[in-house]
Amino acid sequence: MRFPEFIRQGDTIGFAAPAFGCATEPYRTAFDHSLAKWRELGFEVKTGPNCYADKGIGISNTPENCAGELMQMMQEEETACVISCGGGELMCEIVPCLDFEQLAKLPAKWFMGYSDNTNMTFLLTTLADTAAIYGPCAAAFGMEPWHPAITDACQLLQGKKLIMHNYDRWERESLKDEDHPLEPYHVTEDFRLHSKNAQAGIPFGGRLLGGCLDCLTNLVGTRYDKVKEFTEKYREDGILWFLEACELNTMDIRRALWHLREAGWFEGASGFLIGRPMLFDEPVMGLDQYEAVTGILGEFDVPILMDLDIGHTAPMMPLVSGAYATVLAGENEITVEMERR
């Protein structure tokens with residue numbers, strides 16, 4: 001696995017919009033403020049031509065332009081890392097325009113984003129054997145004050161923090177809107193860990209891989225699906241899957257996990273880290289959000305931790321896709337220690 005160099009003060013952070021740009025409020029103001037925050041921390045910033053664009057369908061511009069901006073940012077020596085402006089809906093359409101063979105030959109560079117950016121973080125890992133960060137997008141760094149999760153992402157990029165913990169509370173309803181673009185996370189709900197096949201105080205580990213289920217199911221069976229080759233390469237480590245959903249309801253999650261299981265993706269899994277779903281449905285036909293997961297993944301007889309701080313329901317622990325991680329769960333807490341190996 002190829003790990004990029006961590007960024008240092010004085011380096012230039014590149015911002016690109018391979019999914020949505022920051023063209024509308026509250027994202028535009030939050031993004032502008034995030035640039036100011038990075039400058040205050042001693043970094044230079046560079047914005048790509050699509051950062052404020054709103055010319056595409058489900059993404060900031062045409063697939064060709066979005067891919068071109070991202071490839072240029074990843075290739076140029078000037079930028080030390082690339083942070084995505086935001087999530088989106090159709091970033092999958094830029095994938096054919098990205099050259100992962102070339103990216104595999106270039107010096108490794110951090111890319112950070114989540115949600116639709118799974119199309120980059122997941123494929124960088126599986127196609128270019130390059131670590132990437134599943135973490136907050138650019139506008140989140142504009143909040144005042146920073147939530148500890150945002151500080152964690154900043155410190156991870158700098159190599160100052162490779163051990164992540166859950167956060168005490170999470171946000172059920174955001175207060176960020178056009179009139180309050182810099183509003184921090186509105187954390188009101190206590191963290192509650194749910195688990196299956198996991199014993200408190202007994203660690204388990206594996207190589208981190210995953211992202212947003214909404215995106216991953218689209219990649220199954222395509223020419224970009226090299227998961228079996230990846231899992232075979234890292235068979236001795238085992239694959240520690242981190243998975244979360246955006247627009248999938250309880251039944252959708254069940255179907256998505258069935259799809260990935262039947263495609264053979266979970267062969268060699270050493271554990272599953274499942275983020276809180278965005279849609280909190282009442283049980284449907286006796287199926288709740290936990291049985292939706294354990295009914296499919298329980299057969300692997302490996303630890304399953306659920307309702308974690310991963311993904312769309314803020315805050316989120318930033319995770320390094322491709323890193324080896326050791327997970328330790330307590331009664332109502334979790335620690336993820338990541339290693340560059």
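Rounding to the nearest 0.5 Å places SG of Cys85 at 13.0 Å from CD1 of Ile59. Note that CG of Leu213 is 6.0 Å distant from CG of Leu248, once rounded to the nearest 0.5 Å. In this structure, CD on Gln158 lies 7.0 Å from CD on Gln9, to the nearest 0.5 angstrom. Within the model, atoms CG of Leu157 and CG of Leu41 stand 11.0 Å from one another, a figure rounded to the nearest 0.5 Å. For the atom pair CE (Met306) and CG (Leu297), the distance works out to 9.0 Å, reported to the nearest 0.5 Å. Within the model, atoms CD of Gln102 and CE of Met71 stand 4.0 Å from one another, a figure rounded to the nearest 0.5 Å.
Here the side chains of Met143 and Leu182 are not in contact, with every heavy-atom distance at 4.5 Å or above. With a 4.5 Å cut-off on side-chain heavy atoms, Leu156 and Leu162 count as touching. Between Leu287 and Met251, some side-chain heavy-atom pair lies under the 4.5 Å cut-off. At a threshold of 4.5 Å between non-hydrogen side-chain atoms, the residues Leu103 and Met120 count as touching. Side-chain contact between Leu308 and Ile274: absent, with no pair of heavy atoms (C-beta onward) separated by less than 4.5 Å. Counting heavy atoms from C-beta outward, Phe272 and Leu305 have side chains that stay 4.5 Å or more apart. Within the 4.5 Å cutoff, no side-chain heavy atoms of Leu175 are placed close to those of Tyr185. For the pair Arg276 and Asp309, the minimum side-chain heavy-atom distance is below 4.5 Å.
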How far apart are the C-alpha atoms of Asp307 and Leu193, what are their side-chain angles, what is the distance that settles it, and do they pass the side-chain contact (heavy atoms from CB on, under 4.5 Å) test?
CA-CA 6 Å; Asp307 277 0; Leu193 176 66; over 6 Å; no

Derivation and outcome, side-chain hydrogen bond (donor to acceptor under 3.5 Å, both in side chains), residues Thr217 and His259
CA-CA 7 Å; Thr217 53; His259 191 182; 5.3 Å; no

So Asn50 and Asn61, side-chain hydrogen bond (donor to acceptor under 3.5 Å, both in side chains) or not? Walk me through it.
CA-CA 7 Å; Asn50 297 324; Asn61 209 321; 2.9 Å; yes

Between Leu209 and Ser321, is a side-chain contact (heavy atoms from CB on, under 4.5 Å) present by the stated rule, with each step listed?
CA-CA 5 Å; Leu209 185 66; Ser321 176; 4.1 Å; yes

Apply side-chain contact (heavy atoms from CB on, under 4.5 Å) to Thr125 and Thr130, showing your working.
CA-CA 5 Å; Thr125 303; Thr130 302; over 6 Å; no

Pair Glu244, Tyr134 - check side-chain contact (heavy atoms from CB on, under 4.5 Å), show working.
CA-CA 11 Å; Glu244 55 101 10; Tyr134 198 73; 2.4 Å; yes

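Just one of Arg2, Lys105, Lys233 meets the salt bridge (Lys or Arg N to Asp or Glu O under 4.0 Å) condition when paired with Asp129; it is Lys233. With Phe141 as reference, Trp38 is the one residue of Phe15, Phe43, Trp38 to meet the ring-ring contact (aromatic ring centres under 6.0 Å, His included) rule.
Side chain of Lys109 to backbone of Thr79: a donor-acceptor contact under 3.5 angstrom is found. Panel note: side chain Glu333, backbone Ala329; no donor-acceptor pair is recorded below 3.5 Å. Panel note: side chain Asp252, backbone Asn249; a donor-acceptor pair is recorded below 3.5 Å. Formation of a donor-acceptor pair under 3.5 Å by the Tyr234 side chain with backbone atoms of Met1 is found in this model. When atom types are taken as modelled, the side chain of Asp32 and the backbone of Thr29 share no donor-acceptor pair closer than 3.5 angstrom. No donor-acceptor pair closer than 3.5 Å links the side chain of Asp11 to the backbone N or O of Glu44. Counting only distance, with no hydrogens or angles, the side chain of Glu171 and the backbone of His186 share a donor-acceptor pair below 3.5 Å.
Taking the ring pair (Phe, Tyr, Trp, His ring centres under 6.0 Å) definition, one finds that Tyr167 meets it with His147, sequence neighbours left out. Qualifying side chain to side chain contact (heavy atoms under 4.5 Å, CB included) partners for Asp225, counting only residues two or more places apart in sequence or in other chains: Val220, Thr222, Val227, Trp265. Under the rule for a ring pair (Phe, Tyr, Trp, His ring centres under 6.0 Å), the partners of Tyr52 that lie at least two apart in sequence or sit in another chain are Phe31.
A salt bridge does not link Arg28 to Glu25: none of the charged nitrogens lies less than 4.0 Å from a carboxylate oxygen. A salt bridge links Glu291 with Arg254: the closest approach of a Lys/Arg side-chain nitrogen to an acidic carboxylate oxygen falls below 4.0 angstrom. Electrostatic pairing of Lys46 and Glu78 counts as a salt bridge here, judged by a charged N lying under 4.0 Å from a carboxylate O. A salt bridge between Asp190 and Arg169 is present, with a side-chain N of the basic residue lying under 4.0 Å from a carboxylate O of the acidic one.
Within 6.0 Å of atom NZ in Lys37, more than 12 heavy atoms from other residues, nucleotides or ligands are found, so the atom counts as buried in its surroundings. Shown here is Glu77, whose CD atom has no more than 12 heavy atoms of other residues, nucleotides or ligands within 6.0 Å. Summarising the local packing, CD of Glu339 is surrounded by more than 12 heavy atoms from other residues, nucleotides or ligands at distances under 6.0 Å. Within a 6.0 Å sphere centred on CG of Asn332, other residues, nucleotides and ligands contribute more than 12 heavy atoms.
Across every non-hydrogen atom of Pro303 and Ser270, the tightest pair is CD-O, 3.6 Å. What you find for Ala23 and Ala53 is that their closest heavy atoms are CB-O, 3.8 Å. The minimum heavy-atom distance linking Asn119 with Cys215 is given by the pair ND2-SG, 4.0 Å. Of all non-hydrogen atoms in Glu69 and Pro49, the two that sit nearest each other are OE2-N, 3.2 Å. A pairwise comparison of heavy atoms in Cys212 and Thr118 identifies N-OG1, 3.0 Å as the closest pair. Among all heavy-atom pairs drawn from Thr126 and Lys226, the shortest one is O-CB, 4.4 Å.
For residues 303-324, the pairs satisfying ring-ring contact (aromatic ring centres under 6.0 Å, His included) are Tyr114-His312, with sequence neighbours left out. For residues 77-112, the pairs satisfying ring-ring contact (aromatic ring centres under 6.0 Å, His included) are Phe6-Trp110, with sequence neighbours left out.
Between Tyr290 and His194, the two ring planes are parallel [angle under 30°; tilted spans 30° to 60°].
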Atom pairs and distances, side-chain donor-acceptor, residues 201-208, under 3.5 Å, sequence neighbours left out:
{"unit_1": "Arg207", "atom_1": "NE", "unit_2": "Asp237", "atom_2": "OD2", "d": "3.0"}
{"unit_1": "Arg207", "atom_1": "NH1", "unit_2": "Gly322", "atom_2": "O", "d": "2.7"}
{"unit_1": "Arg207", "atom_1": "NH1", "unit_2": "Arg341", "atom_2": "O", "d": "2.5"}
{"unit_1": "Arg207", "atom_1": "NH2", "unit_2": "Asp237", "atom_2": "OD2", "d": "2.9"}
{"unit_1": "Arg207", "atom_1": "NH2", "unit_2": "Arg341", "atom_2": "O", "d": "2.9"}

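Tyr27 has its ring centre no less than 6.0 Å from the ring centre of Phe20.
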